Amino acid sequence: MNTDKMLEIIGLNKYFGPTHANKNLSFSVKKGEIKGLIGENGSGKSTLISQIAGLYSSDSGQMLLDGKPYSPGSPIDANNRGISIVMQELGVIGSLPAGVNVFLGRTKQFTKNGVVSLKALNKAAAEQFEKWDLPKVPLSKLTDGMMIETRKIIELARALSVDPRLLLLDEITQSLSMNNRNKLYELINKLKAMGRSVIVITHDVEELIRITDTITVLRDGEVVGDVVSAETTPDEIKHMMVGREISGDYYRADTTPEYADKVVLSVRDLTVPGEIENVSFDVHESEILGFCGLSDSGIHSVGKAVYGLIKPSGGSIHLKSKDLMIKSASKALRNNMAYVPKDRDNEALMIRASIHDNFVLPSLTELQGKVGYLSPAKLKKMAQDMTDKLSVKCTDIYQTIDALSGGNKQKVNLGRWLAKDIKLLILDCPTRGVDVGVKAYIYFLMKEAKNNGVATILISDELTEVLGMSDRLIVMKDGAVADVIRRDEDFTEQSVIRVMI
Amino acid sequence: MRLIQSKQNPPQEKHQNQAVFALLLIAVIVVISVIFNAVSGGKFLDGTNVKIIISHIVWPTFVAWGFCFLFACGYTDLSVGAILVLGSFATTILGSWLGYPGVILGGLIVGILLTFLNFNIFAFTKIPSWIAGISLAMIYEAVAVFFKVNKTTETLIYTEMSKSLRYLGNLPWSVIILAVGLLIAYIIYNKTTVGLNIRALGGNKDVAKALGINITKTLLMVGLICGLFIGIAAIIQQSIAGRTLVKTGLTSINMVFQPLAIVLLAQVLQKRLNIIIAVPLCSIIIFAIFNLMTIMGVPSGTLQEAFLGAFLIAFGIIGQRGYKGVVK
């Protein structure tokens, strides 16, 4: 037995009804190793680490931890063995304070005579943030309404609070802004230096190669590759993931901004107290206008305010194509605007409803007959056509959304708007948590929308994405516009980062 | 050392803010009382009337605390009114055999056992709780009819408690029980593992499960805790009123209308004041309004309830102002 191996997985299988999610999976993680796990959406990555973390049981196969059989009955059991996880879609309890969320399920350690000492709990939570050098979070504040990034950091603190020997990170980097991603990389290095191991799942291939020691590639629930990160290339990984070459036109190939003169939306002096201040810009027909910035730059608030989801204290949002002011989301929706939020599970999709319902709902007005009758056959056809067109991996159109992988959820989320006659599309982190194949498809859809004259506001935490897709890029800092860079100017990561920081 | 706790929201400051808001609310209640007194020609703050208001807020407050735990875990139970009725019957029946121990045991046993039974049904059958609750309410009402003490009509049933067993409904005992109840509810809801787990369950069942919280055990604990408060409410209710009336056909639900209004009001205040503390204050507000309307001759059963409904909507609108429910 190789004692260097902290975790060894031998022939692991997992079934969900008729679906064989993991097929005879075998791989291992050494002490102090940073292991990358990558694969298309639905390839079995999240299932595998859920099995390791005690969230799912295994149907057959064996796991060995330090050479001894390991079969966690619950996440607490896994925690007790030194394994913790930060899940992509799990989250925190909004009705409880951040500090309590860090130790939820383990509050007994702060209990004396049946009473939990919140003071001691918050102190211990603060110590965890201190110990791992995590960004500040108001610990006694309810997590309801906190930014997705802040909530993810609370989840990270929760996972670290068990002092893990093996930390499992499921696509969390895409919830973080650039500065906090760097903090995460530092944390991973710190864990490695301490002899701890980390399994990282991310769809950012370049990032994965940069931060890991080895990479295991999954396809359709099977291991199809195991490589040393320093000896591989993004193209090799992508090829292993999808089983074919990914074509070169992932992002836009052109270097000049191309859009019409006609202004679709004009925003002037938009102010949301504490979030954005005097933000002004125009977005034109066929233009992709990018927004980027650090975590408190206010980029996400711009999207919400423009769509009328948060009420600004000042400024105007003029939909020039219709010559009207946008003051509410319903007005925006009625006038051919669409918004795809960053937090698709909580803000965009009806997570317990079917693919069918999610596809047809935004288009009911277009689908209804003369007297308002909705033909079930017509609705079914529309949902089926969109499912086929977007290649949504599902059992049928009546499958609930929560059973889909992140990438397939996003296909539904984005596709249902593209089925409508949209003139202005606001996309907030549209490729968060989706694999390279789906990513390429989303970029294709964006390019197609651009060619059809749709104006797009693209808000993203990923610099490569906004640089790859935008005609012009607005860099925000501390809630204000710091610079506007055109595609034919100094359109590089370095120049943008200089402005951001 | 880096300070992790946000400066704008340290725990001590949060508690101070809550205390200030509670004091502010008490001040508002005092001002409203003075206005009500003026409107009613001095009848509202008359000593006897104040005693009536205080006595009558106790049992609905206990039911409202029970509801706090029920709603916190994301469940609804419409059989609470029927359990109250059965609990009241049990206090009378056991009280007549065993005296005060029987009064107390009768309410507690029925309250805890039946609510615990309900949560077993919710937890193991997976039937939506509001549907199961209605079915259980019908069964409990039928049981109440079966255990009738006296019968005045075919469907109207009542039990009558001996005056010598009704001291728990009198001042100062009822207020002492209220104070103890407040302390217990506050500690369980805010400062115990089970309280935090209950709130986690209502917040996000999947997350709670992933964090190792035993969902079934937590649900059963809600049944016990909620049952405890409903049992105490039954004791106080029967001690104050002396008798309980019930008809079949889900009319027991009427009994929880006012406690429900109290919880809804307290939920509106929840952003600024702990819901357990908000409950008794909201009880005072609601009963003060009902009392004034009774003094002013507003007919109950129609206009009083309509006014309360309108008041709740208005309060809700005010309470939701400036609330940011959007996740960035």
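It should be emphasised that the depicted structure is a prediction, and the values quoted were computed from it without experimental measurement. Chain letters run A, B, ... following the sequence lines, proteins first, then strands; residues in each count from 1.
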Q. So A:Ser297 and A:Asp478, side-chain hydrogen bond (donor to acceptor under 3.5 Å, both in side chains) or not? Walk me through it.
A. CA-CA 4 Å; A:Ser297 62; A:Asp478 300 329; over 6 Å; no
Q | Atom group of B:Asn190 that falls short of 4.5 Å from chain A, counting heavy atoms | A |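 Contact with chain A is through the backbone of B:Asn190 alone.
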(Q) Using heavy-atom distances under 4.5 Å, tell me whether B:Ile187 contacts chain A through its side chain, its backbone, both, or neither. (A) side chain
(Q) Are B:Phe116 and B:Phe119, when compared by the centres of their aromatic rings, separated by less than 6.0 Å? (A) no
Q | Within the 6.0 Å centroid threshold, strictly below: B:Trp59 and B:Phe62 | A |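 No, they do not, as the ring centres are separated by 6.0 Å or more.
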Q: Considering only heavy atoms and a distance below 4.5 Å, find which of A:Asp428, A:Asn79, A:Leu104, A:Leu121 pairs most often with chain B.
A: A:Leu104
(Q) What part of A:Ser74 gets within 4.5 angstrom of chain B, counting heavy atoms only: side chain, backbone, both, or neither? (A)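 Interface part for A:Ser74: neither.
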Q. For A:Val100, is it the side chain, the backbone, both, or neither that has a heavy atom closer than 4.5 Å to a heavy atom of chain B?
A. side chain
Q. What is the distance from atom OG of A:Ser84 to atom CG of A:Leu168, rounded to the nearest 0.5 Å?
A. 6.5 Å
(Q) To the nearest 0.5 Å, what is the distance between CG on B:Leu228 and CH2 on B:Trp65? (A) 11.0 Å
Q. What residue, out of B:Ala200, B:Ala208, B:Gly202, has the most heavy-atom pairs lying under 4.5 Å from chain A?
A. B:Ala200
(Q) Taking every non-hydrogen pair under 4.5 Å, which of B:Asn197, B:Ile188, B:Ile213 racks up the most with chain A? (A) B:Ile213
(Q) Can you tell me how the ring of B:Phe69 sits relative to the ring of B:Phe229, calling it parallel under 30°, perpendicular over 60° and tilted otherwise? (A) parallel
